[in-house]
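Report on one structure; see the data block that follows.
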Amino acid sequence: MLKAIALALALGVGAGAASAAQVGDDGLHKEDWFTITFRDMREDIEAAAEHGKRLAIIFEQRGCIYCRKLHEEVLSDPQVRDYIRENYMVVQYNLFGDEEVTDLDGDVLTEKTAARKWGVVFTPTVIFLPEEPSDEPANRAAVQTMPGQFGKLTTLNMFRWVREKGYEGQEHFQSYHARKIEEARASGAVLAD
């Protein structure tokens with residue numbers, strides 16, 4: 001029964017319309033479309049895949065000005081927010097948190113020991129996980145990591161590039177990003193980052 005409730009939460013059942021992020025009791029900004037799970041990486045990857053999505057985990061910390069900017073200036077943009085929400089299951093981790101995490105290799109850690117194990121030192125940091133679980137630690141299994149806060153276009157294009165499996169091809173993300181900007185300009189789009 002608990003697993004069914006957790007899965008419903010993970011899939012956003014009953015989630016309302018998007019709204020501005022609120023700050024939770026842990027001091028982290030909360031998006032109503034972020035997914036709450038038991039933080040079992042293998043189960044989370046499988047749950048995302050069942051709904052045609054990719055798993056991305058985001059490390060944040062209390063008082064992080066760049067995390068605040070990410071939520072207030074980037075994730076608040078409907079184009080960015082809607083793309084991520086439709087294509088990704090995002091699970092938030094606290095850089096200094098004590099919640100239990102089960103790594104892909106089976107290690108049971110806390111959020112803060114997972115951050116150390118995976119080499120996460122900046123917030124926000126987004127880790128993009130593969131479509132299927134592996135037996136490697138999450139940092140080695142990750143298809144891409146985005147350390148730090150970037151503008152709307154860079155963030156949106158990184159999520160697009162991973163979704164399109166750009167990491168498997170020959171086009172580096174920076175080339176992809178530049179191409180997408182030029183395509184948008186050519187179509188007359190007004191770009192603001």
Could you pull out all donor-acceptor pairs under 3.5 Å where a side-chain atom in residues 131-147 meets a protein atom, sequence neighbours excluded?
unit_1 : atom_1 : unit_2 : atom_2 : d
E131   : OE1    : K165   : NZ     : 2.7
S134   : OG     : E136   : N      : 3.2
D135   : OD1    : R42    : NH2    : 2.9

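Using a 4.5 Å cut-off on side-chain heavy atoms (C-beta onward), F150 and L70 make no contact. Side-chain contact check for L156 versus Y83: some heavy-atom pair is nearer than 4.5 Å. Residues L129 and D44 have side chains not in contact (no heavy-atom distance under 4.5 Å, counting atoms from C-beta outward). Between F34 and I58, some side-chain heavy-atom pair lies under the 4.5 Å cut-off. Side-chain contact between T155 and N157: absent, with no pair of heavy atoms (C-beta onward) separated by less than 4.5 Å. A heavy-atom distance below 4.5 Å is not found between the side chains of K112 and L95. Inter-residue side-chain proximity for E100 and V108 is flagged as met; some heavy-atom pair is nearer than 4.5 Å. The shortest side-chain heavy-atom distance between W118 and D103 falls under the 4.5 Å cut-off.
Distance check: R81 CZ to R85 CZ gives 5.5 Å after rounding to the nearest 0.5 Å. Note that CE of M158 and CD1 of I84 are 11.5 Å apart. Values are rounded to the nearest 0.5 Å. Of the inter-residue distances, the one linking M89 atom CE with T35 atom OG1 reads 5.0 Å to the nearest 0.5 angstrom. A distance of 9.0 Å separates NE2 in H29 from SG in C64, rounded to the nearest 0.5 Å. Here the straight-line distance linking atom CD of E31 with atom CD of Q92 works out to 9.0 Å at 0.5 Å rounding. Taken from OG1 in T125 to CD in Q61, the straight-line distance is 9.5 Å, to the nearest 0.5 Å.
Grouping the Ile, Leu, Val, Met, Phe, Trp and Tyr side chains by contacts below 4.5 angstrom, directly or via other members, places L109 apart from V120. Hydrophobic clustering (ILVMFWY, side-chain heavy atoms < 4.5 Å, transitive): F96 and I57 are in one cluster. Cluster annotation: L28 and V101 are assigned to distinct hydrophobic clusters (Ile/Leu/Val/Met/Phe/Trp/Tyr, side-chain heavy-atom contacts under 4.5 Å, transitive).
In the hydrophobic clustering, V121 connects to F122, either directly or through intervening members, whenever side-chain heavy atoms lie under 4.5 Å apart.
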Review point. Run the side-chain contact (heavy atoms from CB on, under 4.5 Å) check on V162 and Y88 step by step: do they pass?
Key: CA-CA 10 Å; V162 170; Y88 286 87; 3.4 Å; yes

Check your understanding: E43 and T37: side-chain contact (heavy atoms from CB on, under 4.5 Å), yes or no, with the steps?
Key -> CA-CA 9 Å; E43 287 181 6; T37 72; over 6 Å; no

Check your understanding: Can you list the steps and then say if T113 with D107 is a side-chain contact (heavy atoms from CB on, under 4.5 Å)?
Key -> CA-CA 10 Å; T113 58; D107 280 357; over 6 Å; no

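Ring geometry, F173 versus W161: the interplanar angle exceeds 60°, so the pair is classed perpendicular (tilted spans 30 to 60°).
E111 has a carboxylate O that lies under 4.0 Å from a charged side-chain N of R39, or vice versa, which qualifies the two as a salt bridge. A salt bridge links K117 to D105: one of the charged nitrogens lies within less than 4.0 Å of a carboxylate oxygen. Using a 4.0 Å cut-off between charged side-chain N and carboxylate O, E171 and R179 make a salt bridge. In summary, E183 and K180 engage in a salt bridge, as defined by a charged side-chain N under 4.0 Å from a carboxylate O.
The nearest pair of heavy atoms linking Q174 to H172 is N-ND1, 3.0 Å. Scanning all heavy atoms of the two residues, the minimum distance from Q149 to V74 falls at NE2-CG2, 3.6 Å.
D98 and T110 form no side-chain donor-acceptor contact under 3.5 Å, judged by distance and modelled atom types alone. H71 and S76 share no side-chain donor-acceptor pair at under 3.5 Å. No side-chain donor from either of T123 and E60 sits under 3.5 Å from a side-chain acceptor of the other.
Ring pair F159/F128: centre-to-centre distance below 6.0 Å.
When the side-chain hydrogen bond (donor to acceptor under 3.5 Å, both in side chains) test is applied to Y176, the partners found at least two apart in sequence or on another chain are E164.
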